[in-house]
Amino acid sequence: MLDSKYIEENLETVVKKIKDRGAEFDTESFKSLDQERKRIISQVEKLENERNVGSKKVGELRRDGKADEAGELQTELKEKSEQIKQLSEERKKADEDFRDFLLTVPNIPHDSVPVGDSDADNVEVKNWGKKREFGFEPKDHVEIGKALDILDLDRAAKITGARFALYKGLGARLERALANFMLDLHTGEHGYSEVLPPFMANTASFIGTGNLPKFEEDLFKIQGTDYYLIPTAEVPVTNIYRDEILSEEDLPLKYAAYTPCFRSEAGSYGKDVRGIIRQHQFNKVELVKFAHPDTSYEEHESLTENAARVLELLGLPYRIVVLSTGDMGFSSAKTYDIEVWVPAENTYREISSCSNFEDFQARRASIRFRPKGGGKVRLVHTLNGSGLAVGRCVIGILENYQEEDGSVRIPDVLVPYMGGVQEITV
RNA sequence: GGAGAGGUGGCCGAGUACGGUCGAAGGCGCUCGCCUGCUAAGCGAGUAAAGGGCUUAAACCCUUUCGUGGGUUCAAAUCCCACCCUCUCCGCCA
């Protein structure tokens with residue numbers, strides 16, 4: 001959520017920046033909702049003040065034994081109270097309308113973000129690793145997984161439905177090994193604290209991160225409750241500090257969480273239907289930071305590096321792109337996507353999305369800190385990124401490390417996590 | 001699921017029997033000053049947030065907020081109702 005005062009004072013910038021994102025900022029609605037709200041507020045508050053002054057007087061009169069006068073005044077105030085009650089309803093409505101409006105306005109892109117319409121305008125900022133020259137036609141992860149009997153999508157479909165996976169044997173082990181490896185790396189070398197949050201969160205939490213009210217169709221809701229399955233650990237972890245005031249010296253706070261993620265993938269019918277690229281349920285290690293506003297962009301760079309480090313240690317070629325204004329997520333001010341090389345598709349595939357939300361989420365979730373020398377509390381900046389999506393890492397390993405005989409070599413760093421297994425063979 | 005206790009400021013914690021003088025004692029923490037060879041201790045002062053008005057800005061004024069939402073009342077932290085959460089005991093359970 002943007003600061004309404006900031007919008008008011010920088011209307012032109014806001015309109016332009018939102019337009020860069022391919023959305024539209026409705027200036028007229030903003031102005032009329034804001035004015036209507038302010039008009040009612042001053043009206044109500046004037047009446048409330050009169051009532052409060054009067055009530056105090058009643059108390060004094062009664063104490064002085066002037067019951068008659070007090071009674072008269074009470075009758076008068078009763079009427080005023082009725083008015084207040086009515087106007088308060090209007091005020092509530094006006095406040096809600098205004099907030100609802102603000103909640104649907106996306107974040108403003110950072111100045112360093114390339115302006116563009118779509119992913120075609122994203123800009124590559126880094127390219128790492130050497131793509132392997134296969135002396136044979138590389139198979140895709142579905143074929144490899146099936147041949148090695150480590151991935152069974154048909155039976156997963158029987159158990160649940162499309163877009164679910166059943167990992168078996170060393171496949172299941174590989175998933176677990178990757179998760180453990182990533183967590184150890186981020187907690188041991190990158191300074192993140194491990195957390196294991198709930199896999200469901202309530203409406204307030206989802207509003208805090210910006211997933212609600214706009215994107216409910218992307219979520220799985222638990223019937224009969226106020227809970228949704230999390231589509232990413234970003235939701236529960238960012239909300240750890242919702243409605244709290246932190247100390248400046250505690251910043252930045254860095255968390256790593258390994259959780260399953262659940263996404264309805266509404267609107268992606270027919271897209272990425274093959275394999276485990278796009279699933280209703282997948283596992284992910286998520287990195288989340290609560291940063292000081294002055295240093296959040298440095299934290300953004302280091303978070304992205306921390307995530308990319310996983311791929312470097314795994315020896316998987318990747319590139320990093322800055323998302324253009326037209327391709328960014330709703331809450332983000334700047335996003336880097338890390339994309340892993342997928343040989344069978346002869347393309348790069350997103351494996352991590354690292355964003356700085358600045359104070360957009362913090363304002364919604366009311367996450368603040370108290371400056372060291374005293375003074376007004378300020379909103380923190382929140383950041384997060386996958387570090388990494390485990391299932392897509394499996395794809396990367398299976399496809400990049402496959403041999404002509406159908407076996408798959410295990411990257412050295414994972415071997416200890418695989419109980420010494422160095423390759424998966426038929 | 002059953003019975004009971006409780007949710008108050010950055011934190012701890014009084015206040016709720018008799019509604020008004022309670023944005024709320026006291027303590028801790030923090031900030032500033034004094035004091036001390038340094039540190040600690042001590043002394044003094046200050047220290048909630050959000051919104052609105054006014055303003056270049058600040059000061060200032062007003063409103064709201066004592067788990068959440070309703071209700072009673074001229075007036076609610078305090079009375080009534082519903083819900084949420086925490087703790088203790090019982091039952092059930094991985």
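Because only heavy atoms are used, hydrogens play no part in the values below, and waters and symmetry mates are left out as well, while side chains stay in. Remember, predicted model here, so these are calculated numbers, not experimental data. All chains are named by letter (A, B, ...) in the order of the sequence lines, taking the proteins before the strands, and each is independently numbered beginning at 1.
Nucleotide B:U39 forms a pair with no other nucleotide shown, judged by Watson-Crick or G-U wobble geometry with both contacts under 3.5 Å. A 3.5 Å limit on both hydrogen-bonding distances identifies B:G29 as the Watson-Crick or G-U partner of B:U47. Partner assigned to B:U16 is none, using Watson-Crick or G-U wobble distances below 3.5 angstrom. In this entry B:A59 has no Watson-Crick or G-U wobble partner, no candidate having both defining distances under 3.5 Å. Taking a pair to require two hydrogen-bonding distances under 3.5 Å in either a Watson-Crick or a G-U wobble arrangement, B:A3 pairs with B:U88. In this structure, B:A82 and B:U68 make a Watson-Crick or G-U wobble pair, each of the two defining distances being under 3.5 angstrom.
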Between A:Val426 and A:Leu148, is the side chain to side chain contact (heavy atoms under 4.5 Å, CB included) condition met? List the steps. CA-CA 5 Å; A:Val426 184; A:Leu148 295 175; 3.8 Å; yes

As a quick check of understanding, evaluate salt bridge (charged side-chain N to carboxylate O under 4.0 Å, His left out) for A:Arg263 and A:Asp218, giving each step before the final call. CA-CA 6 Å; A:Arg263 300 185 180 179; A:Asp218 295 338; over 6 Å; no

Protein within reach of the bases, or only the backbone? For nucleotides 51-70 of chain B, mark each nucleotide 5' to 3' as B, S or -, using heavy atoms under 4.0 Å. BSS--------BBS-----S

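In this structure A:Asp3 satisfies the side chain to side chain donor-acceptor pair (under 3.5 Å) test with no other residue, sequence neighbours excluded. Legend: residues meeting salt bridge (charged side-chain N to carboxylate O under 4.0 Å, His left out) with A:Asp64, ordered by chain and number and at least two apart, are absent.
Applying the 90° cutoff around 0 to the glycosidic angle, B:A41 is assigned anti.
Ion pairing of A:Asp34 with A:Lys38 is present here, as a side-chain N (NZ or NE/NH1/NH2) and a carboxylate O approach within less than 4.0 Å.
The gap from the C1' atom of B:G19 to that of B:U73 amounts to 9 Å, rounded to the nearest Å. One C1' atom belongs to B:U65, the other to B:G9, and the distance between them is 11 Å to the nearest Å. Across the C1' atoms, B:U55 and B:C61 are found 12 Å apart, a figure rounded to whole Å.
A side-chain contact (heavy atoms from CB on, under 4.5 Å) with A:Glu299 is found for one member of A:Thr304, A:Leu383, A:Leu251, A:Asn356 and no other, namely A:Leu383.
Among the atoms of the strands shown, only primed sugar atoms or phosphate atoms (P, OP1, OP2) are found under 4.0 Å from some heavy atom of A:Arg368.
Between A:Lys376 and B:A50 there is a side-chain N or O to OP1 or OP2 distance below 4.0 Å. Dashed line: the shortest gap from a side-chain N or O of A:Lys78 to OP1 or OP2 of B:C74 is under 4.0 Å.
Around the CG atom of A:Asp412, the shell of radius 6.0 Å holds no more than 12 heavy atoms that belong to other residues, nucleotides or ligands.
Residue whose closest nucleotide on RNA chain B sits further toward the 5' end, between A:Ser81 and A:Lys85: A:Lys85.
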